[in-house]
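So you know, we letter chains A, B, ... as the sequences are listed, proteins then strands, and number each from 1.
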Amino acid sequence: MDKLRNLLDEFGHIADHPEETALAWKEKTGGKVVGVGGLDIPEPLVHAAGMLPVVLLGNEEEVTLANAHVEMHQCGYIRSLVDLALKDKLAFCDELLFHDCCHIVRMLVDALHTYKEGIPKAKFAYFSPLLEYETAQRYTASEMEKLKDTLQAISGNTMTDEKLSESIRLFNRIKKLLVRLYDIRREKPGILSGWDVTQTVAAGMVMPREDYAVKLEELVDLVAALPAPETKGVPVVVHGSLCERCSRSVLEEIEACGGVIVDDDLYVGSKYFNTLYKEELAPMEALLDAYLHRVSPCPTRYEERDPGDYLAEVYNRSGAKGIIMVVVKFCEAHDYLYFTAHRRFEQLGIPEMLVETVHEGAAEGQLKTRLQGFFEKLEV
Amino acid sequence: MSKVNRIKCTAKISPMMDEYYASMAHYDCVAWCMGPSAYEMMGAAGVSCFQAESSSARIAGQHAETPFIEYGQAHGVSPDMCSYAKINLGLVLMQQDGLTDQIDEKYRLNPPDLIVAGNICPSMMQWAHVLGKIYKVPVFIIDYPFAYDDSMENLLRNARYVREQLEQLKAFLLKCSGQKEYDEAKLREQTEQCREMAIYQRNISQLAQVVPAPASFIDNAVSMTPAISMKNQQAADFYKEYMNEMIERVKHGVGSLDNERYRIMWRGNFPWFKIGFLSRLLGSYDALLVSGAYGLTGLEENAGYKLVPPDGYDLEDPLWGIACGGINGGYIANYDTKWRTEFIQYINKYSIDAVIIQAPHTCRPWTLTTRDMAKRVDEELGIPAIVLEADHTDPAYFNDAQVETRIKALLETVDVRREAKARTEKVPYQI
């Protein structure tokens, strides 16, 4: 158990201090660190170019300097990101690379380099949000090729198909380990806390992936060997927090009030890893395929399926009694998804609760009362 | 304090649009549209279009928005969503829930047969998705890529991509309307009408450079809708009348204000429910909104004009003109391009004294980076600028007293700088 706790704490530290592992890696390899964001940058491309992709997740530090540039009524993620940049806490990144996932990311990241000297001008990729339109798919394919060229130019390295395939295999190894971890959690609810799971996934978004794969395999084996805890909580699925880690206080409050998280549809969670790359395809095709045929719908992308139906599947297979929708306030894309999913849950009779989070912290007392009420309702 | 001389023909807008919306009930196939949905293409496929944002703006302009916003927000619509969408969704939900008799007849909506959205702002795509699920009708999205790379090579690439999508849109429209063939002649006819309209619009924009300005930005803004929703000969005729009225005023030295003391550029969309308030408020200080990147645009920096000279419309290949017109507009332009197309070109030639940048609470594209833009206007161009936190159609985010105080302070800043400049110019030499 100590070994497991040590690994979890190590992952937590890495997730909270990405600059430490990134700088150590730079010193060791002489390579470049690319801060990535916008949900859909294909990290194997960055990795195959010999660079370290660090997913910029923001953190829960108080936003101060960014308030001069970003209104309080924008999402906490972008406010945090801009704040970190202004405080030189992204200085460990040699480059910033963003996928155009929404207009907030688009506009603020595009202007970011003008806010302070030393912040690199962000590079962008625009993958069409239209996942099911052939014309759009061809455009996205060409954008991925363009991105590949950009990464080769930045790194000074040539990216062969073989290198890219190797990177894809590494990322798939990580994804499969995380899939296994989530399977174990479904079989043994409460085996790990929601925050420990989040930090475990988050560490894999920021540290050298080869090291992560080794430590993650060790962690999964340790968790698999544990007996199932006595499950006393109300099983729930947690969905949301599209660009950042789900609020720690929300996850902990869910568990403190009597819930147990049996599955999730969180960005720093199953959304990040549940779409495997098809290794039988040529590598660039595999990246495109994973983008277009993702397991978990994203409200920033357009496809016909109802997100409520996907969440219903997650709910049904996990044995949950309810879904907690964690919507980051001022994330307009998520507001639209929530509206549609909520109506679908009503039609399907799936109990659901909305938790809106703001960067400056939730009203914990209110949240506690609402969660307690929700769980009491589920237990009836 | 000046009397505001509105362009007389703007009085025709309201009845024109009432008639247009009422006519929707008689069409067999109606598309609800958001964003740049290639409206010019619809008629040739037997489809009529209902422009959702204009509808919401009209409702707010007539101060009827609150019940729809409140109903929507009470039934799952987030208060932070674009308020155009909030009004529309609230209205839709009321009708869906059997409350149509509580809605003024002129605002009632006939259900769509299809939905078309232009993805310049992701909200439009998401709004369309929601409506598609509510009404269970087919949806077509036209994707306009973010022009992070605005080299001519990339813009042409994006234009070709959009044009390819418009070919798909043709097939989609025909499938929905049941019309057998696409009427290319009608498309060319409508393209010619749009081209004619665009020429008048460009003239209207440029005539505002005259001092005193013969029309205000507010006149332009309230006259937007025919250009967006109708795009036909009636719309072209309206803008011709508008332009001619301005020309007459220029000939006789008549301005929109009797005493034009301050010329202001307005950047952003407009608080439609406060048209009269802002017009009177500014007029009371002899201030006039003269230019801005909303409403009747059509200046030289528009990518359409550069790619399809001289007017942005290609009568031999209408889809190409439509595609080029949309690929480097405000919502998808990069930060540097916005500076050029939304500030420089609307300031330099218009003898601007001050800039007001609206930051609408529920509209991210028009709000983000506004503080930095205001600072840049002041530091680089030496023109005072303010950011007004308001909203385009939700009055919950507009405070009359605050707005008045901010505007008054802005104009006082102009006065102080004018006096300082005058003192400096009196000094015969520098010691």
Q | Worked verdict on A:Ser142 versus B:Arg157 for side chain to side chain donor-acceptor pair (under 3.5 Å) | A | CA-CA 10 Å; A:Ser142 74; B:Arg157 169 184 170 241; 3.0 Å; yes
Under the 3.5 angstrom rule, does the side chain of A:His69 hit a backbone N or O of B:Arg371 as a donor-acceptor pair? no
For B:Pro122 and A:Cys102, the nearest pair of non-hydrogen atoms, with its separation, is CG-CA, 4.5 Å
Turns out that what part of A:Ala122 lies under 4.5 Å from chain B's heavy atoms comes down to neither
### Message
Taking atom NZ as the centre, does B:Lys175 end up with more than 12 heavy-atom neighbours from other residues, nucleotides or ligands that are less than 6.0 angstrom away?
### Response
no
Got A:Arg138 and B:Glu164 here, is their nearest side-chain heavy-atom distance under 4.5 Å?
yes
So, the part of A:Lys123 with a heavy atom under 4.5 Å from chain B: the answer is neither
Exercise for review: Measure up the B:Tyr161 and A:Tyr139 rings against each other and bin them: parallel (under 30°), tilted (30 to 60°), perpendicular (over 60°).
Suggested key: parallel
If one checks every heavy atom of B:Ile120 against chain A at 4.5 Å, the contacting part turns out to be backbone
Turns out that what part of B:His361 lies under 4.5 Å from chain A's heavy atoms comes down to both
Per-residue tally against chain B (heavy atom, under 4.5 Å) across A:Pro129, A:Cys101, A:Cys331 peaks at A:Pro129
dist B:His129:NE2 -> A:Arg301:CZ (nearest 0.5 Å) comes out at 13.0 Å
**Asked** Would a 4.5 Å heavy-atom cut-off, applied to side chains only, mark B:Asp80 and A:His73 as touching?
**Response** no
In terms of heavy-atom pairs under 4.5 Å with chain A, the winner among B:Asn119, B:Leu89, B:Ile134, B:Asp336 is B:Ile134
Taken to the nearest 0.5 Å, the spacing of A:Glu332 CD from B:Ser78 OG works out to 8.0 Å
B:Leu93 and A:Phe339, any side-chain heavy atoms less than 4.5 Å apart:
yes
Among A:Leu354, A:Asp100, A:Thr340, A:Ile78, the residue with the most heavy-atom pairs under 4.5 Å to chain B is A:Asp100
Kindly say whether B:Leu368 contributes a backbone atom to a donor-acceptor pair with the side chain of A:Gln74 at under 3.5 angstrom?
no
Interface check, chain A: of B:Thr367, B:Asp143, B:Asp149, most non-hydrogen pairs under 4.5 Å belong to B:Asp143
Just checking A:Gln366: does its CD atom have more than 12 heavy atoms from other residues, nucleotides or ligands closer to it than 6.0 angstrom?
no
Heavy-atom nearest pair, B:Met125 first then A:Thr300, reads CE-O, 3.5 Å
Among A:Tyr133, A:Tyr115, A:Tyr302, the residue with the most heavy-atom pairs under 4.5 Å to chain B is A:Tyr302
Can a donor-acceptor pair be found, under 3.5 Å and without considering hydrogens, that links the side chain of B:Lys133 to the backbone of A:Arg305? no
For this session: Tell me, with the steps shown, if B:Gln165 and A:Leu130 meet side chain to side chain contact (heavy atoms under 4.5 Å, CB included).
Result: CA-CA 11 Å; B:Gln165 294 177 73; A:Leu130 308 181; 4.0 Å; yes
Whatever's closer than 4.5 Å to a heavy atom in chain A on B:Phe146 counts as both
Distance col, row B:Tyr335:OH vs A:Lys121:NZ, nearest 0.5 angstrom, shows 11.0 Å
Cut-off 4.5 Å, heavy atoms of chain A, and the answer for B:Lys375 is neither
Counting heavy-atom pairs under 4.5 Å with chain B, the top scorer among A:Arg343, A:Arg344, A:Glu303 is A:Arg343
message: Can a donor-acceptor pair be found, under 3.5 Å and without considering hydrogens, that links the side chain of A:Asp110 to the backbone of B:Asn334?
response: no
Under 4.5 Å to a heavy atom of chain A? For B:Val139 that would be both
Of the listed B:Val387, B:Asp372, B:Thr369, the one with the largest count of heavy-atom pairs under 4.5 Å with chain A is B:Asp372
One option among A:Tyr126, A:Phe330, A:Tyr338, A:Phe127 has the most heavy-atom pairs under 4.5 Å with chain B, and it is A:Tyr126
* With a 6.0 Å cut-off on ring centres, are A:His103 and B:Tyr331 close enough? -> no
CD1 (B:Ile141) and OG (A:Ser128) are apart, to the nearest 0.5 Å, by 10.0 Å
Query raised in the report: Is A:Arg106 reaching over with its side chain to a backbone N or O of B:Pro365, donor-acceptor style, under 3.5 angstrom?
Result: no
Applying a strict 4.5 Å limit to non-hydrogen atoms, the region of A:Glu134 in contact with chain B is neither
Cut-off 4.5 Å, heavy atoms of chain A, and the answer for B:Gln126 is both
